[in-house]
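Basis for what follows: all heavy atoms, side chains included, without hydrogens, waters or symmetry-related copies.
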Amino acid sequence: MRQTTSHNLLKNPLWLIAPAALMVGIFFLYPLGFSLYSAITLDDGSITLSHLNKAFELYSNDILFTIIIVLISVVILAVLSITIAALITLSPFRSLTKTLAFLYRLPLFIPFIVTAQMMRTFLAKNGLMNNAFVASGLLTPMDTVSFLGWSGIIITFVWKQLAFSTLLISGAMAALDDSQIRAARNLGASRLRILFQIILPQIIPTLGVAMVLSIVTMMSVLSVPLMIGTGSPTMMTADMAFRINSYGDYHVANALGLVSYCICAGLAWFYLRQNLKEKGAN
Amino acid sequence: MFTKTNIAVIAAVGLTQFSTFAYADTTLNVASAGSQNMVDYVKTYLAPKFEATHPGVKVNVVGTGPGDAGSHKIMEKLSAQNDSGLDKWDIDVAVVHQKIGGELVEDGLLAKYRSDINTGKMVSRDSAKNALGINVDGYVMPMFHSQTAIAYNSDFVTNPPTSYDELVKWTQKHPKSFGYNGIKNGMSGVSFVTGWIYAYGTDAEKLSSTPYDKNVESSWDKAFAELKEFNKNITFTPGNAGTLDMLNRGEIFMGPVWVDMFYSWKEQGKIPPSLKLSLIAPGMPGQPMYYVTPTKAAHPQLAREFIELATSPEIQANGIVKQFNWYPGIDANYVEAKLDKATWEKLFAEITPNDLSKYGKSFPIGPYFDDIKEGYERNVSN
């Protein structure tokens, strides 16, 4: 009898995922649901749009700023990581590419907050970078420009995410069938042509994953806009932190969270649609 | 045989129980909001002193983070423990900011203890009774007072501004040379903006006292519009420390800073001696940090003794004033006697006691304060 019970229990495989599903439910879905709920309700539980209104009224500039910063970063990120990955895959100088392969991985091990602090001393008007230019005679102290601000945020994001996306992309490139590249080379194709016509079309899905994940990461970073961004506009994470720290106002902070969730969801939808189209075409 | 073993075991277990009870370390839980230097002060300076005079007591210090956010965490924890109906709460002493101190009293989460301790009567400043319009008399002991002021590089600025009007003129002549951190990157910027409203919106006396009137905010449109104009001539800095950093690197020549942070950095050689302070008219706000003890602290008596030690004239002199360049929480007359003349004068070198009494304002009451910050977000930064 007992055996049949345990047999029955195992027969229903849903039980096997129960612990993991419970974890996801308690630690991810419940808080997510709760903050979405809090974004659209008053304290007494009635539904309202006032928090979202306030979020747009006060922070519409910042929302736009966030989107622009993230998009610019992601475009630069794509160009740079494809370049590095292509160099590693196609360059004939093996020892050089090995050094490059080691170097580009470094930012992977440095947390965002450390990166932000590094960049803060590096990019400032009289920071390490400008001082190096001045010392080498390329600039005078009067010509130096501070990169603290929107440009600094983009530089930090790109520098930090470069390792991650290059790792994914060069991995995808390495996984391609080598014979295609050799065949193209035998027929006289240049390296650039091999990159654009043979390699890139095949790694588009991986590129998409790297970019979407990078966007979601950049949308969620607080330390960089706080430490490098100055004044206004600022990124949405800084606004959320400010709503909570300064006003104790979780509703509007959650409303901002809802907006940033929608932005990410929009990108994810776009990416999935592209992905499905490609699969359908094959 | 077995009975004997049993008795021995029971006796042994009983003895360990008894002995652990007799020698048990009582743990006094202290939660401190504020920057790391404040947590370090409680942990490395106050706690050993208290443990030395109270054998068997261990002080457990937890930092909850800088700014109002750190105080918020303490409040959230206390009200959660209150809501769940616990008999004993696990915070005995808390160090909180002025705004949250008032809210804690309003929510009935704090014990009225000031008359129980000897140092209670040494307090003279208004902030011990009034926290942004909320009556906190008896519930709080100021740990120290902190003040914001305008720091300037005396090598380049020979005639520092003495009022907001002069400052505005100065920035028109020297664009981008004045820097502050907006309102999202630190309290020195918030304080500067609050001072701006005191100067061009509504005076400090009205905004720092109740009752609240929602209509007052509508008269600030011009002040915010002028601030937006002012912001075009200045540099934004990334935070309180960021302002001092930029002053140090010569990227700006003037900016609002916390007085204690300024003097500490100066002492450590992180900013040049040519930097000086000026407290401008009609005034800039400062704030105290409070020592409080929750209504249901597990060790109420120890908590009172701890606060009594922390606010004694010796500790205030050597810890608060000498180490941190903060203005003392208790009446300065009690502290002056315990300090050497040089240290005392350093504290009032550039901002005289007279300046402090004329231009040292407090922050506005909670609702006005929120109006100022939201007004800034709505009219200046958006």
Is chain A contacted by the side chain of B/D245, its backbone, both, or neither, given a heavy-atom distance below 4.5 Å?
side chain
Under a 4.5 Å heavy-atom cut-off, does chain A meet the side chain of B/E76, its backbone, both or neither?
side chain
Does B/E377 come within less than 4.0 Å of A/K54, counting only side-chain N to carboxylate O?
no
If you tally heavy-atom pairs under 4.5 Å against chain B, which of A/I228, A/L58, A/N61 wins?
A/L58
Looking at A/R120 and B/P238, what are the two nearest heavy atoms and their distance?
NH1-O, 3.5 Å
Crowding at CG, A/L106 (>12 non-hydrogen neighbours, <6.0 Å)
yes
Donor-acceptor pair, distance only, cut-off 3.5 Å: does the side chain of B/K184 make one with the backbone of A/L226?
no
For the CH2 atom on B/W170, are there more than 12 heavy atoms of other groups (residues, nucleotides or ligands in this structure) within a distance under 6.0 Å?
yes
What residue in A/T121, A/D239, A/L148 has the most heavy-atom pairs under 4.5 Å with chain B?
A/D239
Max heavy-atom pair count under 4.5 Å with chain A, selected residue of B/R249, B/H72, B/E251
B/E251
Separation between CE (B/M187) and OG (A/S246), nearest 0.5 Å, reads 7.0 Å
Measure the spacing between OH of A/Y247 and CD of B/E374 and express it to the nearest 0.5 Å.
4.5 Å
Name the region of B/K73, side chain, backbone, both or neither, that has any atom closer than 4.5 Å to a heavy atom of chain A.
neither
Relative to chain A, which segment of B/I183 carries a heavy atom at a distance below 4.5 Å: side chain, backbone, both, or neither?
both
Gap separating the OG atom of A/S146 from the NZ atom of B/K176, nearest 0.5 angstrom:
11.0 Å
Counting neighbours of CG on A/L138 that are heavy atoms of other residues, nucleotides or ligands and sit closer than 6.0 Å, is the number greater than 12?
yes
Should we count CZ of B/F230 as having more than 12 external heavy atoms under 6.0 Å?
yes
Any chance CZ of A/F34 has more than 12 other-residue heavy atoms, nucleotides or ligands included, within less than 6.0 Å?
no
